[in-house]
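Presented below is the structure to which this report refers.
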Amino acid sequence: MTERTDDLYGRIYEAVQLVPQGKVATYGDIAAVVGNGCDARTVGYALNDLPKGQDAVVPWQRIINSSGGISTRGTRQRRLLEQEGIVFDARERIDLGTYRWEGPAAEWAEAHGFHTLRPRREETQLRLF
DNA sequence: CAGATGACTCCCA
DNA sequence: CTGGGAGCCATCT
């Protein structure tokens, strides 16, 4: 049996749990927070391997692709997100500029060995001038 | 170790 | 917009 002692998946699940309701994060965002050689693809792989019992505590549905769309099959993920107040546009995509998670608090990240997300000027720029 | 696979992402035509 | 291809990493054959 493939006993997974990999902290990697555990860390990924931990990072996913940081995403609050009503917000979303991309696979790449989670990978960046986890760091340590983690990759967007690895995040997707980990979530695909998420134990059934864990889906209750790990908000896997809040992880979407960099295009703002869902990568899972079916409509379950979309339905769950809409229940949280996430709005999909006509192209079935989520506005990352509005719903994208800003990352963990610097202190928390520091204490748990995670990384913070770098601000995305191009998407969240408010232009107060 | 090599090859295949996958809930990724970026680039180019 | 759609497709194809490269780069990426972890896991399984």
- Counterpart residues, salt bridge (charged side-chain N to carboxylate O under 4.0 Å, His left out), relative to A/R91 (two or more places apart): A/D89
- Task: Send over the distance from A/R91 CZ to C/dT2 C1', rounded to a whole Å.
- Result: 15 Å
- Return the set of residues passing salt bridge (charged side-chain N to carboxylate O under 4.0 Å, His left out) with A/R78 (not counting sequence neighbours), or none when no residue passes. A/E82, A/E92
- Task: Rounded to whole angstrom, note down the C1' distance from C/dT13 over to B/dC1.
- Result: 12 Å
- Nearest-Å distance for atom pair CG/P, residues A/N36 and C/dC8: 17 Å
- Quick one: ring-ring contact (aromatic ring centres under 6.0 Å, His included) partners of A/Y45, sequence neighbours excluded? none
- Message: Taking only the C1' atom of each, what is the distance from B/dG6 to C/dC8 in whole angstrom?
- Response: 12 Å
- Query: Got a sec, which pairs hit ring-ring contact (aromatic ring centres under 6.0 Å, His included) with one end in residues 76-110 of chain A, sequence neighbours left out?
  - Reply: A/W108-A/H112, A/W108-A/F114
- Item | Contact pattern, 5' to 3', of nucleotides 7-13 of chain B - B, S or - by protein heavy atom under 4.0 Å | BBSS---
- Looking at side-chain heavy atoms only, is the closest gap between A/V43 and A/T26 below 4.5 Å? no
- Message: Going by side chain to side chain donor-acceptor pair (under 3.5 Å), name the residues that satisfy it together with A/T42, two or more places apart in sequence or in a different chain.
- Response: none
